[in-house]
Amino acid sequence: MDTILAPMERPLCRLDLTPLPLEFYRRPVVQVARELLGRWLLRRTAQGLAGGRIVEVEAYLGPGDPASHSYRGRTRKNASMFSAGGRAYVYPIHSRWCFNVVTDTQRVPSAVLVRAIEPLLGLELMAYRRGTTQLLQLARGPARLCQALAIDRRLDGWNLASGRRLWIARGDDQVPAEEQIAITPRIGISQAREELLRFVHLGREAFLSGPRHLHRNRQ
DNA sequence: CTACCGATTGACT
DNA sequence: GTCAATCGGTAGA
């Protein structure tokens, strides 16, 4: 008689919150962007631990991408983009903050903008910081997630492999399969609008930013 | 110093 | 769907 209970391939309750190694980030930006989907972004402050699953990202390339902050060369603001992969690049826009993951080597000033996470840890803390109790409003949009996680200029250049303050981990390993990833144009830019460099985790549409027609492939 | 702009958001028609 | 608040960064006088 066959076994009635198949052994679990993965314990559902196992959480891996250890930081991804620097080697993860020191690869081509598009590959890192896709593989960031499903990973957990984590933030620890004196107030507690908060974070969630990355569900929406955009790749900003090194040379040749006019929408990338590195396109016109190095300045004080974008200096973090010119460091080796594995650091944060945090920049201000319209009195708010956006968080990027620096990728590739020092020679390739590229980064992945994290546009949305599915809130999973520290919901009360994130709700307090955001000033709303609505789950779907906590971290949908690049500036909203920074507010929810208290990310600002002090974390620009932060080493994401340190495992303190701000890092990325495997979490519960619920990474999207290939067919669960939609690839669309990037949001909010005026240059290179047609490039397909935005990656979203299908099945978690409720947590995505941007118009609904960009929650599927193409436009 | 001034002028202009933006990888946004929230309020509003 | 439209629109403007708001301010750090940047370029230029």
Side-chain angles (χ1 to χ4, degrees), chain A residues 25 28-30 32-34 36-37 41 52 54-83 85 87-104 108-119 126-158 160 166 168 182-201 205-215 219:
Chain A
Y25 304 100
V29 58
V30 169
V32 175
R34 299 176 72 111
L36 276 172
L37 291 179
L41 176 61
I54 296 172
V55 296
E56 177 185 357
V57 296
E58 286 175 356
Y60 287 86
L61 313 183
D65 180 6
S68 176
H69 286 175
S70 63
Y71 186 66
R72 288 171 183 81
R74 180 177 184 146
T75 66
R76 168 128 74 274
K77 168 189 164 190
N78 65 19
S80 295
M81 272 191 87
F82 289 78
S83 61
R87 291 186 182 273
Y89 167 44
V90 180
Y91 71 90
I93 180 162
H94 290 276
S95 311
R96 296 172 163 91
W97 300 99
C98 290
F99 165 72
N100 296 251
V101 171
V102 178
T103 63
D104 264 299
V108 186
S110 56
V112 177
L113 172 69
V114 180
R115 288 194 57 94
I117 66 171
E118 174 187 351
M126 289 192 280
Y128 170 75
R129 288 170 175 155
R130 286 277 300 125
T132 177
T133 56
Q134 304 218 12
L135 182 67
L136 297 182
Q137 295 301 322
L138 291 187
R140 183 172 62 180
R144 290 181 179 131
L145 81 84
C146 282
Q147 186 180 21
L149 297 179
I151 294 173
D152 61 27
R153 74 157 81 238
R154 293 174 300 216
L155 287 167
D156 182 40
W158 187 257
L160 296 172
L166 182 67
I168 297 170
I183 308 176
T184 82
R186 294 172 291 187
I187 291 176
I189 56 173
S190 54
Q191 303 285 317
R193 303 184 65 153
E194 72 287 355
E195 296 295 325
L196 300 174
L197 291 170
R198 175 173 172 266
F199 304 89
V200 304
H201 186 158
E205 283 88 344
F207 300 103
L208 303 180
S209 72
R212 276 245 264 282
H213 72 273
L214 285 180
H215 294 179
Q219 41 183 343

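Protein chains get the first letters and strands the later ones, always in sequence-line order, with residue 1 at the start of each. It should be emphasised that the depicted structure is a prediction, and the values quoted were computed from it without experimental measurement.
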In terms of side-chain heavy atoms, does S80(A) have a donor or acceptor partner in R87(A) at a distance below 3.5 Å?
no
State the dot-bracket string of DNA chain C. Criteria: Watson-Crick or G-U wobble, both atom distances under 3.5 angstrom; notation: ( ) intrastrand, [ ] crossing earlier pairs, | interstrand, . unpaired.
|||||.||||||.
Residue set satisfying side-chain hydrogen bond (donor to acceptor under 3.5 Å, both in side chains) with R96(A), at least two apart, ordered chain then number -> none
Report each atom pair, protein N/O against N/O of nucleotides 5-7 of chain B, whose distance is under 3.5 angstrom.
{"unit_1": "dG6(B)", "atom_1": "N2", "unit_2": "H94(A)", "atom_2": "N", "d": "3.4"}
{"unit_1": "dA7(B)", "atom_1": "OP1", "unit_2": "H69(A)", "atom_2": "NE2", "d": "3.3"}
{"unit_1": "dA7(B)", "atom_1": "N9", "unit_2": "Y91(A)", "atom_2": "OH", "d": "3.3"}
{"unit_1": "dA7(B)", "atom_1": "N7", "unit_2": "A67(A)", "atom_2": "O", "d": "3.4"}
{"unit_1": "dA7(B)", "atom_1": "N7", "unit_2": "H69(A)", "atom_2": "NE2", "d": "2.8"}
{"unit_1": "dA7(B)", "atom_1": "N6", "unit_2": "H69(A)", "atom_2": "N", "d": "3.4"}
{"unit_1": "dA7(B)", "atom_1": "N1", "unit_2": "N100(A)", "atom_2": "OD1", "d": "2.5"}
{"unit_1": "dA7(B)", "atom_1": "N3", "unit_2": "Y91(A)", "atom_2": "OH", "d": "3.0"}

Assert: residue with more 5' nearest nucleotide on DNA chain C, out of R153(A) and R96(A), is R96(A)
In the 5' to 3' direction, the nucleotides of DNA chain C bounding the stretch that comes under 4.0 Å of a heavy atom in chain A are dA5(C) to dT10(C)
Return the CG to CD distance between L214(A) and E205(A), rounded to the nearest 0.5 Å.
12.5 Å
Pairing residues for H69(A) by the ring-ring contact (aromatic ring centres under 6.0 Å, His included) criterion, not counting sequence neighbours
Y89(A), Y91(A)
Apply side-chain contact (heavy atoms from CB on, under 4.5 Å) to L61(A) and L197(A), showing your working.
CA-CA 9 Å; L61(A) 313 183; L197(A) 291 170; 4.1 Å; yes
Starting from P on dT9(B), measure out to CH2 on W97(A) and report it in whole angstrom.
15 Å
For N100(A) and M81(A), what are the C-alpha separation, side-chain angles and deciding distance, and is it a side-chain contact (heavy atoms from CB on, under 4.5 Å)?
CA-CA 9 Å; N100(A) 296 251; M81(A) 272 191 87; over 6 Å; no
Need one value for R130(A): base, sugar-phosphate or nothing, where a base atom within 4.0 Å counts as base even if backbone is also close, heavy atoms only.
sugar-phosphate
Using a heavy-atom cut-off of 4.0 Å across all strands, would you classify T75(A) as base, sugar-phosphate, or nothing?
sugar-phosphate
Output the distance between atom CG (L113(A)) and atom CG (L36(A)), rounded to the nearest 0.5 Å.
11.0 Å
Spatial distance of atom OG1 (T133(A)) from atom OH (Y128(A)) [nearest 0.5 Å]:
15.0 Å
Rounded to the nearest 0.5 Å, what separation is found between the CZ atom of F99(A) and the CD1 atom of I117(A)?
10.0 Å
Between side-chain atoms of residues 138-151 of chain A and protein atoms elsewhere (two or more places apart, or another chain), which donor-acceptor pairs fall under 3.5 Å?
{"unit_1": "R144(A)", "atom_1": "NH1", "unit_2": "R140(A)", "atom_2": "O", "d": "2.7"}
{"unit_1": "Q147(A)", "atom_1": "OE1", "unit_2": "R130(A)", "atom_2": "NH1", "d": "2.7"}
{"unit_1": "Q147(A)", "atom_1": "NE2", "unit_2": "R129(A)", "atom_2": "O", "d": "3.4"}

